[in-house]
Amino acid sequence: MSVQFQDLSTTPRAGVKGPGAAEWLKQLGLPVPDVPNTWLPLGGALGGGLIARLGNTEFLVEGPESVKLAAPISHGVYPVLRQDTALVLKGARLNDLLLETCSVNFLAINRTTRPALLTSIVGVGVTAIPDGDELRLWCDSTYGEWFLDTLRTIAAELA
Amino acid sequence: MKIMTCPINGPRAITEFAYGGEIRPMPDPAAASDDQWADYVFNRNGAPGVKQEWWCHTPSNTWFVAERDTERDAILRTYLYTGEA
Amino acid sequence: MRLPPKQGEWIDRNHPLRFRFEGRDYDGCAGDTIASALAANGVKVLGRSFKYHRPRGLMSVANHDVNAVMQWGGMPNVRADATPLVAGMDLTAVNTFGGVDKDKARILGWFSRFLPVGFYYKAFHSKRLFPLWEKMFRMTTGLGKVDFATPHLRTPKRYGFCDVLVIGAGTSGLSAALAAAEQGADVAIVDENAKPGGSTHGASELVARVVAHPRVRVITDTYAAGYYTDHWVPLIERGRMTKMRARAVVVASGGYEQPAVFRNNDLPGIMLASGAQRLIRRWSVKPAQRIVLLAANADAYLAAEDFLAAGIEIAAVVDLRDVVPEAQKSALAARRIPVHAGDCILEAIPTADGNSVASVRTKSGEITCDGVFVSVGWAPAAPLLYQAGTKMRYDDSVHQFVPEKLPDGAFACGRVNGIHTARSLDGERAGSAAAAHCGFGVDRAIFVPAETESPTHPWPIVAHPQGKNFLDFDEDLQVADLENAIQEGFDNIELMKRYSTVGMGPSQGKHSNMNALRVLARCTGSTPGEVGTTTARPFFHPVPMSHLAGRGFAPERRTPMHARHEAAGAVWMSAGVWQRPEYYAVSGQSRLDCIRGEADAVRNGVGLIDVGTLGKLEIRGPQAAEFLERVYISKYAGLKVGMTRYAVMCDESGVVIDDGVVARLAEDHFYFTTTTSGAALIYRELSRWNTIWKLDCGIVNLTGAMAAMNLAGPKAKAVLAGLTDVDLSLPYLAVREGMVCGVSARLMRVGFVGEWGVEIHVPFEHGAAVWDALMAAGKSAGIRPFGVEAQRLLRLEKGHIIIGQDTDGLTTPGEAALDWAVKLDKPFFVGQRSLQAIARKPRRQQLVGFMLPAEHTAEAPKECHLVIEDGEIAGRVTSIAWSPSLSRYIGLAYVRSDMATADRKFHIRLTGGTLVAARVAKTPFYDPENLRQKESA
């Protein structure tokens with residue numbers, strides 16, 4: 001298959017934003033990316049998943065650790081309910097799919113700095129994390145069905 | 001398609017952005033006459049030239065300022081708003 | 001005729017292709033274009049000219065003229081020069097009457113005296129006859145026929161990225177690509193021809209090195225359609241558009257070889273020398289037996305080598321220059337081919353049938369020939385440079401426009417840059433500079449010597465008293481046509497272009513603009529540089545509609561209950577990007593009956609509507625209340641925890657832009673809704689306000705994260721009891737957080753539809769399950785899902801407004817009967833100052849409820865029908881519907897303020913002009929005391 005789609009929408013995740021968010025997350029025992037628009041894996045002892053810093057002051061935590069974000073909030077900490085459609089894309093034609101759907105040059109991205117991108121794919125706002133030769137995507141679930149249908153249609157044509 | 005550089009997200013196609021108008025200082029509503037207030041509400045600076053403008057990177061909801069030369073269609077710099085009028 | 005096979009030819013003789021032109025069958029080969037295949041078969045007349053229907057043949061063989069434009073089935077305007085031959089093609093020439101050989105419309109040539117430039121502006125004084133003339137014009141002009149049954153095609157678009165984009169894979173472009181790649185840049189080089197190489201026609205060591213280079217992508221059969229901002233170039237290939245973003249662009253697009261202008265210069269057999277070379281070198285076609293070579297530069301003598309090698313007899317060389325350099329003519333002199341310097345072609349003489357050239361008359365005498373090859377100069381293929389913002393200047397040493405100031409990141413090389421001899425070196429220079437611009441290596445700043453003689457003649461134009469010396473072949477324009485236009489006062493380049501139409505045909509001036517410019521300069525006593533050029537606009541060649549349409553992306557939003565609505569028979573409607581049920585179809589019932597049935601269920605039983613499309617925002621922080629005070633017109637600082645309040649938002653001019661409900665969940669925590677269409681814009685704008693105010697609070701957009709539904713009706717409370725731990729005796733307009741159907745939810749008592757009702761908000765992932773549980777629990781009570789239309793009817797019976805329907809872009813709160821919501825005594829809110837000014841002015845219109853007489857069963861007014869008073873417009877209807885609860889038509893309308901009194905009669909005008917009687921009525925129409933929605937346990 002030219003592009004494979006895996007749906008991870010049911011993986012637990014939680015979000016938070018605000019000027020106090022970074023400090024609050026550190027106190028919960030989570031590693032916090034220093035650089036805006038980067039992510040860290042939450043592997044090993046922390047049970048798998050990731051934490052992404054979206055822009056300056058918003059964070060997405062995915063995986064078992066996300067339950068920590070149910071803790072009481074403090075000043076400048078604003079919980080963000082995450083109900084994303086979450087996908088993993090991979091395959092021989094993944095880059096061709098991206099060339100038809102997104103104006104960001106994914107091939108030119110330096111994966112070693114673990115970037116997280118906020119951009120638009122087929123007109124839908126997404127969070128995108130390239131991981132090796134896979135691409136993690138999150139989008140608003142009200143767009144989710146149309147989004148996945150559209151990508152599948154294009155992937156089928158590329159096959 | 002023009003490229004706009006979001007101060008947080010970097011250079012992107014202009015379709016990822018929304019234009020918010022030139023930054024215009026709000027006169028003190030209590031002190032302004034009706035005419036002065038109407039001028040602020042309704043009139044815009046149409047002359048070509050270098051302007052400080054509100055722009056928003058919509059996928060990330062990042063508001064910032066672009067200094068743009070509307071005569072030459074050149075974006076001179078972009079920066080986060082710090083509070084000057 | 002076809003020459004013997006040779007290495008490097010573009011045709012594959014092992015794959016013959018049969019095709020048909022004008023009803024006759026011919027054979028060609030794979031690799032042929034339509035033009036080369038017809039030339040191989042000795043077909044000389046390929047088309048008829050636009051106005052005079054003169055016979056035309058191949059001229060540029062480069063798609064710089066449209067002498068050979070054909071219809072292929074339903075596809076119009078197939079360009080023979082640029083279209084590969086396909087087996088089974090069935091082609092006819094466009095714009096003929098009775099075929100290309102015996103076109104009856106050639107009679108127009110005899111009337112040419114009466115059809116001077118711009119004649120149509122002057123000839124048709126009688127308007128009465130114009131429809132007749134118009135019909136005739138449409139029949140005799142125009143190219144190709146459109147097949148309206150053609151399937152609508154779309155081709156996928158895609159993005160492309162590179163460091164350096166080189167446009168044109170001729171000698172200079174290839175050199176540029178190599179130089180840039182050697183310095184480390186990722187290079188894409190694009191060429192409209194089937195093979196790279198330009199005038200080397202595919203075979204050269206340079207081509208081989210470029211193709212082999214790991215950092216160079218060679219993209220052939222593809223043209224750059226335009227140069228857009230920030231080095232954005234659409235590349236058009238047969239099946240797709242690639243939107244290429246480069247960091248630097250080298251324009252190596254070459255030049256358009258220019259025709260010479262003399263009487264009958266349009267006869268088939270007269271073509272550009274480079275065109276003849278193409279036919280010989282690429283497709284092994286011998287275009288003529290015996291030619292006269294019209295020369296004015298070194299290129300002509302190089303071309304002569306190709307002609308002789310193909311076995312073409314050169315009867316003579318006619319050189320416009322007074323002195324021909326020895327080095328150029330020595331090879332021909334050795335073969336005793338006469339070279340007439342300081343000479344020119346005065347006219348070409350046609351064969352008896354008028355269909356091709358038989359001889360030419362020069363100053364030295366008449367020379368018989370069956371072909372004339374012309375090499376008198378070049379015009380730069382500069383549209384992309386102009387579009388990039390390049391400032392060009394006319395260079396007298398090469399008699400062409402050249403770049404004077406290139407914009408940042410744009411480079412030019414080769415003929416388009418005025419360098420004709422040292423093209424390779426110029427390409428190297430540009431490639432190195434382009435790569436350095438992108439941060440790869442250092443700009444080698446290679447010095448390129450200028451031309452020692454001009455490759456272009458400044459005046460390849462010969463006057464003739466009998467005219468027919470064509471300057472623009474597309475538009476059938478003779479020199480006299482331009483002279484007449486100038487004489488009539490259209491004497492600058494913009495006016496002359498539009499009045500004469502020079503350069504406005506399908507070739508867009510590629511072969512005509514430069515000569516037209518020279519004529520204008522001479523007639524007005526100025527220089528080409530002073531005359532200037534007109535604006536070169538995209539596209540460089542026509543782009544198929546399918547490529548521009550591409551695959552459109554129109555994102556669609558759906559609530560999590562979408563499948564439930566589908567299963568329940570929802571008839572869908574678009575609300576912005578959302579899909580919403582308009583109503584639920586019931587077999588055997590009309591649309592109106594279904595809607596009324598749903599409304600009836602809400603009034604007398606229980607209904608459930610999905611309101612998940614509403615904007616939902618959450619704000620937290622010590623100054624959350626302060627923020628809401630500033631952005632809404634009412635007061636929220638004192639709103640009790642656990643209560644909601646209707647919320648209206650105005651813009652700075654005091655115009656109502658949105659409404660919703662604000663719910664206070666805690667001292668520093670609010671949850672508020674917006675209209676469906678306003679959500680994204682409101683969130684963005686509120687974010688901007690707080691960027692300025694920097695209040696201690698944060699806003700989160702939960703529109704897509706939360707599902708929401710409204711359970712309403714006298715039986716609603718009973719249905720919900722048992723599914724929630726929330727005390728359902730909560731007061732009207734209260735908000736509670738609790739469990740509903742096992743899920744964490746926010747519950748708000750609302751009154752929009754006028755019955756006891758709650759809005760239930762749960763996370764998206766639980767929306768469908770909660771919907772299912774409510775529908776199951778309500779089954780015994782006869783629960784019905786209700787859609788947008790039923791909701792609109794129910795709210796209208798209560799007189800509740802819909803923003804954007806009962807308000808428009810100028811409506812202020814007072815006009816919309818929302819005075820009660822405006823709290824001008826707050827310290828500040830957006831729109832406050834404007835509303836203070838507006839309050840001092842007389843109000844011109846007022847939104848009122850109205851009713852038609854109960855017995856009105858005839859045609860009823862619709863939204864936007866006008867209120868007419870004393871023959872003047874005095875307002876308009878904004879909402880209207882037949883109310884099942886009141887058994888009559890009710891609605892909302894704007895009326896002149898003085899008419900907004902109880903029971904005031906007025907008239908509404910229907911589309912046909914009938915006036916319908918109505919009277920002002922208090923709202924709510926239904927349950928005026930609001931007892932049903934406020935009802936407590």
Side-chain angles (χ1 to χ4, degrees), chain A residues 9-10 12-21 57-58 70 73-85 93 95-109 120-126 138-151 153-155 157-158, chain C residues 155-163 186 232 240-245 247 550-563 577-579 612-613 616 618-622 624 668-669 671 679-680 694 696-707 744 761-767:
Chain A
S9 302
T10 54
R13 63 182 65 84
V16 67
K17 72 183 206 181
T57 55
E58 182 165 355
I73 53 173
S74 48
H75 179 247
V77 176
Y78 312 117
V80 178
L81 175 66
R82 303 285 318 205
Q83 295 281 290
D84 309 73
T85 292
R93 305 300 301 274
N95 198 60
D96 290 323
L97 174 68
L98 293 169
L99 283 179
E100 284 198 28
T101 56
C102 184
S103 62
V104 166
N105 186 357
F106 277 93
L107 271 186
I109 290 173
S120 172
I121 292 181
V122 297
V124 172
V126 298
W138 293 262
C139 77
D140 180 319
S141 283
T142 59
Y143 287 102
E145 211 180 312
W146 181 88
F147 183 70
L148 189 48
D149 274 347
T150 304
L151 293 183
T153 303
I154 300 171
E157 285 173 19
L158 289 171
Chain C
T155 63
K157 285 187 245 190
R158 65 171 185 178
Y159 296 96
F161 303 95
C162 65
D163 294 321
D186 169 43
W232 179 254
R240 155 178 71 186
M241 175 195 297
T242 300
K243 299 186 276 192
M244 179 67 78
R245 172 81 70 192
R247 294 168 58 198
R551 190 205 313 271
F553 296 123
E556 221 178 72
R557 296 181 83 166
R558 298 178 174 186
T559 71
M561 292 85 100
H562 189 96
V577 294
W578 293 90
Q579 290 293 298
T613 64
K616 309 169 208 72
E618 187 167 72
I619 183 170
R620 289 185 211 252
D668 61 351
H669 183 195
Y671 179 66
K694 300 197 204 332
D696 189 357
C697 60
I699 310 166
V700 175
N701 185 355
L702 296 174
T703 300
M706 300 286 282
S744 198
H761 292 235
V762 296
F764 180 99
E765 61 183 328
H766 301 305

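None of the values given here were measured: they were computed from a predicted structure. Letters go in sequence order (proteins before strands), and every chain restarts at 1.
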Inset, instruction - Look at A:Gly15, A:Cys102, A:Pro19, A:Gly18 and state which one has the largest set of heavy-atom pairs under 4.5 Å with chain C. - result: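 Heavy-atom pair counts peak at A:Cys102.
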*asked:* If you count heavy-atom pairs within less than 4.5 Å of chain C, which of A:Ile154, A:Leu107, A:Thr150, A:Val80 leads?
replied: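 Among A:Ile154, A:Leu107, A:Thr150, A:Val80, the one with the most close pairs to chain C is A:Ile154.
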Does any backbone or side-chain atom of [X] lie under 4.5 Å from a heavy atom of chain A? Answer side chain, backbone, both or neither.
{"X": "C:Ile619", "value": "neither"}
{"X": "C:Asp696", "value": "both"}
{"X": "C:Ala707", "value": "neither"}
{"X": "C:Pro622", "value": "side chain"}
{"X": "C:Arg551", "value": "side chain"}

Which region of [X], side chain (C-beta onward) or backbone (N, CA, C, O), has a non-hydrogen atom less than 4.5 Å from a non-hydrogen atom of chain C, or is it both or neither?
{"X": "A:Val16", "answer": "neither"}
{"X": "A:Glu58", "answer": "neither"}
{"X": "A:Asp140", "answer": "side chain"}

Sub-3.5 Å donor-acceptor pair from the side chain of A:Gln83 to the main-chain atoms of C:Glu765, do we have one?
->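 It does hold such a pair.
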- Item | Mutual orientation of the aromatic rings belonging to C:Trp232 and C:Tyr159 [parallel < 30°, tilted 30-60°, perpendicular > 60°] | tilted
Count the heavy-atom pairs under 4.5 Å between each of C:Pro560, C:Pro763, C:Pro555 and chain A, then report the option with the highest count.
->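 Ranked by heavy-atom pairs under 4.5 Å with chain A, first place is C:Pro555.
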